[in-house]
Chemist: 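Here it is, the structure, as structure tokens.
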2 protein chains.
Amino acid sequence: MTRKKKKATIHDISKALGFNSSTVSRALNDSPLIADKTKKIILEKSKELGYQRNSLASKLRTNKTKTIGVIVPRIARHFCSSVIAGIEEMAFDKGYDVIICQSLETVKREKKLLDTLLANRVDGVLIAISMETTNFDHLENYKNEGFPLLFFDRPCDIEGCTNVVIDDFKASFDATEHLIRKGCKNIVHFSGPKTLALYRNRWRGYRAALEKNNIPLNDNYIFESKLMEKDGVIGAQKILSLPEVDGVFSANDTTAISAMQYLKKNGKNVPEDIAFVGFNNEPMSAVFAPSLTTIHQPGFEMGRMASSLLFEEIDGTRRVKGDQVKVLNPELIIRDSTSKHMLSESI
Amino acid sequence: MTRKKKKATIHDISKALGFNSSTVSRALNDSPLIADKTKKIILEKSKELGYQRNSLASKLRTNKTKTIGVIVPRIARHFCSSVIAGIEEMAFDKGYDVIICQSLETVKREKKLLDTLLANRVDGVLIAISMETTNFDHLENYKNEGFPLLFFDRPCDIEGCTNVVIDDFKASFDATEHLIRKGCKNIVHFSGPKTLALYRNRWRGYRAALEKNNIPLNDNYIFESKLMEKDGVIGAQKILSLPEVDGVFSANDTTAISAMQYLKKNGKNVPEDIAFVGFNNEPMSAVFAPSLTTIHQPGFEMGRMASSLLFEEIDGTRRVKGDQVKVLNPELIIRDSTSKHMLSESI
DNA sequence: CTTAAATATGCAATCGATTGCATTATTTAT
DNA sequence: ATAAATAATGCAATCGATTGCATATTTAAG
């Protein structure tokens with residue numbers, strides 16, 4: 001009873017009507033070769049039989065899957081899901097399907113997913129590599145098969161690949177300078193793994209802002225971690241032992257908030273004692289008290305941009321030589337966590 | 001140069017070695033029919049040629065895709081992504097691939113996604129239906145094809161389908177009674193669309209708790225909406241015109257927090273003037289001040305449970321007659337938004 | 001040293017849709 | 001009215017892997 005019904009095929013339609021299956025196929029694809037009258041008959045029969053194209057067969061034959069793969073570290077991450085939203089919108093317009101996967105920040109899963117996508121012959125892949133990914137062989141191999149591969153958010157220097165990123169350097173520069181303008185002199189930076197270009201760039205932006213404002217660099221002020229919640233607590237503890245610290249620029253919001261919570265519990269006031277700037281503009285950052293000044297990344301736009309570039313590559317409109325980089329502009333969102341020292345503001 | 005390389009097939013291996021392609025196929029599938037010596041030779045050659053199975057061909061031939069589809073309203077939602085995490089873990093163990101899709105709460109997309117999954121001949125589908133879904137024909141049709149279909153979170157009464165849900169009634173009952181114990185007498189309920197069984201159950205739980213405690217029901221206290229952020233603002237405005245209200249049980253956290261923000265801005269104190277209980281245990285609920293008392297749903301567990309039931313159905317271990325329901329237990333997480341009136345606590 | 005049994009490999013059909021080329025039916029032009 | 005052009009349909013190969021059955025090879029048993 002719940003036995004899997006055999007689904008109708010073009011051959012069933014063909015037999016039922018006396019047309020050849022090639023005619024049926026063409027009719028269902030609305031080919032101009034087929035007479036309108038015939039199309040109508042075939043379409044009706046196909047509805048009657050509950051026909052539905054077997055994509056597997058079609059994809060096998062045509063060697064085109066009209067499907068792209070997307071690998072993100074974690075789909076629950078607000079930024080990732082905005083990018084996905086952008087990708088899906090664009091893909092929908094172009095008639096592509098999207099397979100979404102999460103690497104959970106591990107290379108092992110990343111490799112496996114890439115293999116699966118390849119086995120399913122997706123037409124191209126969009127990827128934000130995992131934090132663990134320091135060796136790029138699997139990505140290069142994939143690229144060498146001749147399939148379009150495009151990096152977003154976390155850039156990667158592979159011949160023939162496009163990178164779509166935001167200007168992390170500028171964003172971090174602005175964020176840090178904002179702290180400086182608010183009067184901060186001793187600014188800690190919560191950095192992610194420097195193996196990722198993205199975190200290196202944020203770190204560079206931070207340093208550049210200090211240098212430009214003649215504030216000496218202090219290596220003790222750089223806390224490198226995976227930027228998880230617990231790393232915020234660890235960071236806050238370190239800060240408590242550095243009483244001169246009056247500002248923090250964190251490379252993500254989660255860690256910033258976790259640190260602020262810990263500091264608040266331990267008698268420090270934000271922003272009066274220590275000002276905070278985060279990165280990512282997570283929903284919780286607007287809701288936390290004090291609300292967190294942070295960098296908004298145009299995730300949705302990035303998704304649209306990345307996918308449209310990928311589609312151009314797939315249909316041959318665009319050829320990538322060397323490596324190409326598209327840079328999107330982030331935006332500093334000023335909130336309460338940096339509202340101190342209004343006096344020293346230039347406005 | 002970036003030309004798509006033709007990928008090696010079993011026939012290439014077969015030609016290169018002089019074995020028949022069927023032997024190659026069996027060898028690559030580690031069939032006991034093939035001599036170990038031969039397997040080794042074939043495996044080596046396949047590596048040399050960079051062979052990778054064409055899943056499309058394999059799936060077409062075997063009529064088994066080893067892939068399941070998951071449709072959720074929105075992958076960014078914390079609860080959804082925990083369910084997905086649970087599903088992926090289980091699927092990984094069983095050697096299944098997972099295609100994740102989001103309906104964005106629209107029936108139109110839901111239908112389209114179901115079609116696409118069907119066209120790709122997934123072995124089964126897990127779905128949390130969209131808020132708009134009041135007509136179940138597309139789901140029944142899918143089910144009638146004889147494919148396993150399983151509902152989670154948002155139950156749906158279709159012959160032969162299993163539902164995996166949490167006990168919304170009990171959770172809401174507990175949540176409401178918690179407010180009552182804290183001394184609330186005039187409790188508003190933010191409800192979702194009553195077309196969804198889930199929200200009906202939460203509403204029933206709320207009513208039952210009031211009845212049990214001899215608190216009169218008041219229809220003016222039921223605010224029905226789609227539970228978006230803006231609905232929290234609307235709810236808060238209504239509350240301001242009902243000065244006797246001293247508690248709110250919201251069917252989700254987002255709306256609760258948005259309402260609390262608005263009330264705070266307008267001079268009301270939470271929990272002193274109005275206590276709040278939410279639903280879902282979103283990350284931001286722990287971080288908002290005051291932190292929100294809420295219902296935690298075991299999303300991860302639900303994902304594991306739902307997918308393992310689906311796999312049993314796929315491999316025929318389990319047969320579903322009528323409709324089967326698995327109920328998981330939610331947990332009340334008590335935080336600051338209900339910390340008033342400690343005196344009246346029984347403890 | 002046969003014969004039966006067991007092991008290893010090959011052959012060919014199959015899954016369902018697509019498509020180049022061939023064929024037939026219908027128009028159009030002369 | 002007939003040749004030429006155009007439109008509509010059919011034939012058969014193809015995509016790549018799998019698998020029931022047939023065949024060949026080896027091993028074991030008598």
Side-chain angles (χ1 to χ4, degrees), chain A residues 4-43 45-46 49-67 115-116 118-123 145, chain B residues 4-43 45-46 49-67 115-116 118-123 145:
Chain A
K4 208 187 278 191
K5 265 185 218 165
K6 236 183 290 151
K7 301 214 52 150
T9 71
I10 50 170
H11 303 293
D12 298 326
I13 301 179
S14 138
K15 263 177 229 156
L17 294 175
F19 287 110
N20 187 279
S21 57
S22 61
T23 303
V24 175
S25 170
R26 283 191 257 255
L28 293 172
N29 285 314
D30 202 25
S31 154
L33 288 177
I34 304 297
D36 286 351
K37 199 180 58 176
T38 312
K39 279 184 193 169
K40 197 183 264 181
I41 298 174
I42 290 178
L43 225 61
K45 198 59 164 187
S46 90
L49 298 180
Y51 170 81
Q52 189 175 27
R53 163 196 275 102
N54 185 326
S55 301
L56 298 173
S58 167
K59 290 170 177 176
L60 174 61
R61 177 59 228 261
T62 58
N63 203 27
K64 278 253 160 204
T65 56
K66 276 272 182 182
T67 303
D115 274 353
T116 306
L118 204 49
N120 284 289
R121 301 296 191 268
V122 293
D123 292 334
E145 304 271 358
Chain B
K4 207 186 278 191
K5 266 185 216 163
K6 236 183 292 151
K7 299 216 53 149
T9 72
I10 50 170
H11 303 294
D12 298 326
I13 301 178
S14 138
K15 262 177 227 153
L17 294 175
F19 285 110
N20 187 280
S21 56
S22 62
T23 303
V24 175
S25 170
R26 284 190 258 255
L28 293 172
N29 285 312
D30 202 25
S31 153
L33 289 177
I34 305 298
D36 285 352
K37 200 179 58 178
T38 313
K39 279 184 193 169
K40 196 182 264 179
I41 298 173
I42 291 178
L43 225 61
K45 198 57 162 188
S46 91
L49 297 180
Y51 170 81
Q52 191 176 27
R53 164 197 274 100
N54 185 325
S55 299
L56 299 173
S58 166
K59 289 170 177 176
L60 174 60
R61 177 61 229 257
T62 58
N63 203 27
K64 279 253 156 202
T65 55
K66 276 269 180 186
T67 303
D115 274 353
T116 306
L118 204 50
N120 283 289
R121 301 296 191 268
V122 293
D123 293 333
E145 304 272 358

Chemist: Using whole Å, what does the distance between atom P of nucleotide dT9(C) and atom CD1 of I42(B) come to?
Modeler: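 About 8 Å, once rounded to whole Å.
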Chemist: Rounded to whole angstroms, how far apart are CG on L60(A) and C1' on dC15(C)?
Modeler: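 For the pair L60(A) CG and dC15(C) C1', the rounded distance is 9 Å.
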Chemist: For nucleotides 7-10 of chain D, list the nitrogen or oxygen atoms of the protein found under 3.5 Å from its nitrogen or oxygen atoms, one pair per line.
Modeler:
residue, atom, partner, partner atom, Å
dT9(D), OP1, T38(A), OG1, 2.7
dT9(D), OP2, A35(A), N, 3.1
dT9(D), OP2, T38(A), OG1, 3.1
dG10(D), OP1, G18(A), O, 3.4
dG10(D), OP2, N20(A), N, 2.7
dG10(D), OP2, T23(A), OG1, 2.7
dG10(D), O6, R26(A), NH2, 2.6

Chemist: Would you mind reading off the distance between L49(A) atom CG and dG16(C) atom C1', rounded to a whole angstrom?
Modeler: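 After rounding, the reported distance stands at 15 Å.
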Chemist: Could I get the full list of side-chain contact (heavy atoms from CB on, under 4.5 Å) partners for S46(A), not counting sequence neighbours?
Modeler: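 Result, side-chain contact (heavy atoms from CB on, under 4.5 Å) vs S46(A): I13(A), L28(A), Y51(A).
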Chemist: Measure the CG-CG distance between L56(B) and L56(A) for me, rounded to the nearest 0.5 Å.
Modeler: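 CG of L56(A) is found 6.0 Å from CG of L56(B).
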Chemist: So, using side-chain hydrogen bond (donor to acceptor under 3.5 Å, both in side chains) as the criterion, who are the partners of D115(A) when residues are at least two apart?
Modeler: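 Scan of D115(A) (side-chain hydrogen bond (donor to acceptor under 3.5 Å, both in side chains), adjacent residues dropped) gives none.
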Chemist: Just how far, in rounded Å, is P of dT19(C) from CG of N63(A)?
Modeler: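 Result: 11 Å.
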Chemist: Could you check if a side-chain atom of I41(A) sits within less than 4.5 angstrom of a side-chain atom of L17(A), using non-hydrogen atoms only?
Modeler: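 Side-chain contact under 4.5 Å: yes.
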Chemist: Taking only N/O atoms, report every protein-nucleotides 22-28 of chain D pair under 3.5 Å with atom names and distance.
Modeler:
none

Chemist: The criterion is side-chain hydrogen bond (donor to acceptor under 3.5 Å, both in side chains); which residues satisfy it with D36(B), sequence neighbours excluded?
Modeler: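 Partners of D36(B) by the side-chain hydrogen bond (donor to acceptor under 3.5 Å, both in side chains) criterion come out as none, since no residue qualifies.
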Chemist: Mind checking the CG-CG spacing from N54(A) to L118(B)? Nearest 0.5 Å is all I need.
Modeler: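 Reported value, rounded in 0.5 Å steps: 10.0 Å.
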Chemist: Rounding to an integer number of Å, can you tell me how far R121(B) CZ sits from dG16(C) P?
Modeler: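 Interatomic distance, CZ of R121(B) to P of dG16(C): 8 Å.
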Chemist: How would you list, by chain and number, every residue that makes a side-chain hydrogen bond (donor to acceptor under 3.5 Å, both in side chains) with R53(A), sequence neighbours excluded?
Modeler: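 Testing R53(A) for side-chain hydrogen bond (donor to acceptor under 3.5 Å, both in side chains), a comparison that skips the adjacent residues, returns N29(A).
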Chemist: Using whole Å, report how far CG of N29(B) lies from P of dT19(D).
Modeler: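 My rounded result for the distance is 8 Å.
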Chemist: Name all pairs fulfilling the side-chain hydrogen bond (donor to acceptor under 3.5 Å, both in side chains) condition that reach into residues 15-26 of chain A, sequence neighbours left out, sorted by first residue then second.
Modeler: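 Listed once each, the pairs are N20(A)-S22(A).
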Chemist: When rounded to the nearest 0.5 angstrom, what is the spacing between OG1 in T67(A) and CZ in R121(A)?
Modeler: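 That separation rounds to 13.0 Å.
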Chemist: Is a side-chain donor or acceptor of K39(A) paired with a backbone partner of S31(A) at a separation under 3.5 angstrom?
Modeler: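 Between the backbone of S31(A) and the side chain of K39(A) there is a qualifying donor-acceptor contact (under 3.5 Å).
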Chemist: Separation of N120(A) atom CG from dA17(D) atom P, in whole Å?
Modeler: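 That distance rounds to 13 Å.
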Chemist: Output the residues of residues 8-16 of chain A in contact with DNA chain C, where contact means a heavy atom of the residue under 4.0 Å from an atom of the strand; sort by number or write none.
Modeler: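 The answer is T9(A), I10(A), H11(A).
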Chemist: Which residues pass the side-chain contact (heavy atoms from CB on, under 4.5 Å) test with D12(B), not counting sequence neighbours?
Modeler: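 A8(B), T9(B), L49(B).
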